[in-house]
Amino acid sequence: MVQVLDAGYGYGFVVGLGAAFALIMIFVTKVLTRYMGEVQDSEHFSTASRSVKSGLISSAVVSSWCWPGTLLSSCVYTYRYGVAGGYWYGISGISHSMLFTLIALQMKRKATGAHTIVEIVKARFGKAAHCVYLFYSCGTNTIIASMLLLGCSQAFAHIADIHIVACAFLFPISVAAYTMLGGLKSTFLSDWIHTVIIYLVIICSVLICYTSSDLIGSTDRMWDLLQEVSLTHPSAGHEGSYLTFSNRSLVMLAWSQIMSGWATVFADPSYGQKAIAAKPLSTISGYVIGSLCWFIIPWCFGLGTALAALALTNNPVSLTYPNTISTQEVNMGMPLLYGLYALMGKSGAAAGLLVLFMSCTSSLSAELVSFSSVMTYDVYRSYIKPDATGKQLVRVSHFFVITFALFVGGLTVMFNYIGITISWILTFIGIVLGAAPVGITLTLFWGRMSKYCFYYALPLGSLTGLGCWLGSAYHFYGTVDKDTLSFVNSTIIANFSTFGATVLYCVIVSFIFPDNNTIDGLQDKFLVGDDATLQEKKAMQLDEATKNQLERIFKWAAIGVFSIWVSFTFVLPFPMYGQKYIMSKPFFKGWVVVSIIWLFIAFLYITFYPLYESRSSLYHIYRKITGKEGKATIEYLEGSELEQTSSEENKVSPVVEETSEKSSEPALKA
Ligand SMILES: NC(N)=O
């Protein structure tokens with residue numbers, strides 16, 4: 001175990017940066033409330049008033065899909081398997097976020113007024129099915145939130161001298177502080193800031209590695225070093241090379257993770273929450289561009305950090321010289337931090353902790369809001385107080401943000417002490433909860449699905465997966481324990497089994513026990529909070545023009561999304577796999593250059609497009625702060641064109657109608 005940074009760094013990040021960030025986000029929320037008239041009512045808290053535009057949706061997709069586990073595990077893939085590792089990790093993640101675009105679009109078309117994705121199950125199938133799906137959804141939410149904390153806390157405890165229990169509780173407390181005040185909207189803003197910082201660190205690491213580093217400094221030198229290390233410490237790929245896609249273990253592992261990961265997006269209410277918050281026509285571009293921007297993070301970060309750690313294995317600057325990093329440390333994701341340390345010393349390790357901090361806090365904030373929304377709308381309002389007022393809904397949301405933050409802190413500590421790592425959780429989640437993605441997809445797309453699928457098919461699908469998991473661990477490795485259950489033969493069989501069996505059971509159950517529920521007609525089943533503004537109420541229904549536009553783009557969206565997925569997942573990697581191709585120096589150079597160009601485009605888009613989209617809001621805030629009053633056309637709640645006549649009017653009645661509808665009443669409440 002190597003502690004390269006002292007406790008000052010550790011507590012500086014967790015307490016200092018955590019508190020600073022919480023204060024910044026609280027300040028931003030206050031500015032939006034004061035100068036933009038944003039009201040922190042129940043609809044705003046949970047749905048950001050369904051008004052978020054494409055740029056912020058993309059940055060939220062990148063941010064909440066960029067877990068500490070993404071950064072750590074993609075570097076593990078690259079360290080173990082070479083250049084193909086990060087690419088395949090990226091495939092495993094983009095598969096879910098890209099295909100979720102269609103779920104998001106369908107939510108907009110069929111259930112615009114939902115507050116959580118779970119509510120849609122209740123609207124279509126009633127309470128019993130809803131309770132089953134609640135179990136899956138809350139389970140996924142809880143496990144993902146603790147996985148985020150676990151990965152980050154273990155890395156902090158390992159590299160900086162800070163106790164893991166302190167990390168596990170201090171991280172969520174600072175996040176809960178700003179999430180409670182700003183709700184879902186504050187997570188969008190923090191997502192944007194975090195994502196920009198993460199891109200900057202990745203850009204620095206890749207540029208230093210391939211241009212200015214004395215130890216590597218060019219793609220040609222990296223290529224030479226990787227060839228050397230493949231002689232002393234060969235990979236499991238073709239000819240032991242780290243420059244090939246021809247690696248069966250990697251493909252098996254990636255497919256195991258692809259199958260496991262459906263639950264982490266489709267069943268995690270936090271991804272549905274972004275779809276709910278999006279303006280209807282922003283959904284597709286938000287998710288597709290966000291997925292493409294996310295994809296480059298695991299691909300490129302590994303190239304700049306883990307590949308450096310690997311290439312420098314035989315150099316005394318390596319923290320583990322002359323050995324490779326131990327299996328235990330690799331499982332904890334250390335190649336990222338050791339690679340940065342080898343390239344940049346202590347500042348490299350500190351930069352590594354910075355990106356882990358950013359990725360943990362922003363994803364965690366989204367998890368806190370989504371859990372609190374599910375508890376508020378799917379439990380409290382559904383089963384405890386159906387006539388709850390908006391104020392009560394906000395209070396309950398706040399309560400669940402803070403209690404969930406403390407709960408996942410406790411769970412993280414428990415996972416740590418029983419020896420669970422993020423890689424283990426990533427495989428476990430798909431086996432146990434992988435029935436849920438099938439359930440929600442069929443709920444939104446299959447008219448014949450019957451409610452009995454939730455009673456029988458989903459639980460049986462999970463049990464089938466669990467049985468196959470235990471059985472295959474025993475069959476392949478002779479014993480069933482924590483290690484054999486995490487080996488790839490056990491996990492890939494179990495993940496495919498849960499998924500395949502659930503599909504099969506759903507079809508059988510729907511034909512044997514049909515019922516007369518329908519996908520259409522869900523729109524009227526969602527209740528608006530009594531404190532909602534007229535705009536918020538209107539946003540719960542689609543107007544005819546938007547409905548027609550969504551109908552028209554759906555088919556093209558489906559073709560586009562599947563084409564991108566098939567190209568990345570099959571067309572590009574498998575010919576190289578089949579030919580046992582080992583990258584030549586020029587090919588490797590091209591590979592790195594393409595990834596860096598992609599990285600820059602993603603960075604520029606995520607950084608500047610949301611600012612461009614919000615330019616009139618920013619201008620309005622500037623005018624307000626500098627005291628320049630008067631008639632100004634502004635954007636409000638991320639996008640509605642407004643006529644504002646005076647600041648006084650806005651203070652008293654901040655909510656006004658969209659100019660497209662030219663209401664004369666500036667402050668209507670629903
Ligand atoms: N977000 C993932 N799968 O890293």
Side-chain angles (χ1 to χ4, degrees), residues 58-81 85-101 140-141 143-152 154-155 191 194-195 198-199 202 250 253-274 287 290-302 305-306 331-333 335-336 355-356 358-367 370 421-431 433-434 436-437 491 495 565 568-569 602 606:
S58 295
S59 87
V61 167
V62 175
S63 170
S64 52
W65 204 212
C66 183
W67 306 331
T70 307
L71 304 172
L72 296 166
S73 300
S74 60
C75 289
V76 170
Y77 272 49
T78 307
Y79 188 76
R80 284 205 172 120
Y81 304 106
Y87 181 87
W88 266 111
Y89 189 94
I91 291 297
S92 76
I94 198 176
S95 302
H96 315 125
S97 56
M98 187 63 87
L99 296 182
F100 191 79
T101 307
T140 312
N141 205 159
I143 292 177
I144 290 185
S146 10
M147 183 182 67
L148 298 171
L149 260 182
L150 182 68
C152 197
Q154 285 183 338
D191 282 351
H194 285 111
T195 309
I198 290 172
Y199 276 118
I202 299 177
L250 171 61
L253 185 64
W255 270 100
S256 174
Q257 191 154 322
I258 288 174
M259 296 315 293
S260 168
W262 299 117
T264 59
V265 171
F266 285 53
D268 179 356
S270 120
Y271 293 89
Q273 219 63 31
K274 289 170 199 24
Y287 274 88
S291 301
L292 291 171
C293 292
W294 175 87
F295 179 53
I296 196 59
I297 291 177
W299 177 6
C300 217
F301 206 22
T305 58
N331 285 339
M332 289 172 67
L336 183 166
V355 284
L356 290 177
M358 293 295 161
S359 62
C360 178
T361 48
S362 61
S363 311
L364 190 60
S365 158
E367 296 297 324
S370 62
T421 60
I422 47 173
S423 325
W424 203 93
I425 295 180
L426 268 176
T427 50
F428 166 84
I429 200 167
I431 297 162
L433 302 168
T491 60
N495 277 306
W565 183 62
F568 286 5
T569 311
I606 294 293

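By convention here, the first residue in the shown sequence is residue 1. Just follow the structure's listing: the first ligand is 1, and inside any ligand the first atom is 1.
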Please test Ser370 against Tyr271 for side-chain contact (heavy atoms from CB on, under 4.5 Å), starting from the C-alpha separation and ending with a verdict.
CA-CA 9 Å; Ser370 62; Tyr271 293 89; over 6 Å; no

Val62 side chain near Ile198 side chain, heavy-atom distance below 4.5 Å
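When only atoms from C-beta onward are counted, Ile198 and Val62 do not touch, as no gap falls below 4.5 Å.
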
Are the side chains of Tyr199 and Ile297 in contact, using a 4.5 Å heavy-atom criterion?
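Yes. Closest side-chain heavy atoms under 4.5 Å.
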
Non-hydrogen atoms closer than 4.0 Å to ligand 1: which protein residues do they belong to? List them by chain and number, please.
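Within 4.0 Å of ligand 1, protein side: Trp65, Trp67, Thr70, Tyr89, Trp294.
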
Rounded to the nearest 0.5 Å, how far does CG of Leu72 lie from CG of Leu356?
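If we round to the nearest 0.5 Å, Leu356:CG and Leu72:CG are 5.0 Å apart.
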
Using the side-chain hydrogen bond (donor to acceptor under 3.5 Å, both in side chains) rule, take Ser291 and Ser97 through it: C-alpha gap first, then chi angles, then the decisive distance, then the call.
CA-CA 6 Å; Ser291 301; Ser97 56; 3.1 Å; yes

Taking ring pair (Phe, Tyr, Trp, His ring centres under 6.0 Å) as the test, write out the residues that go with Trp299, two or more places apart.
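Tyr87, Phe295, Trp591, Trp598.
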
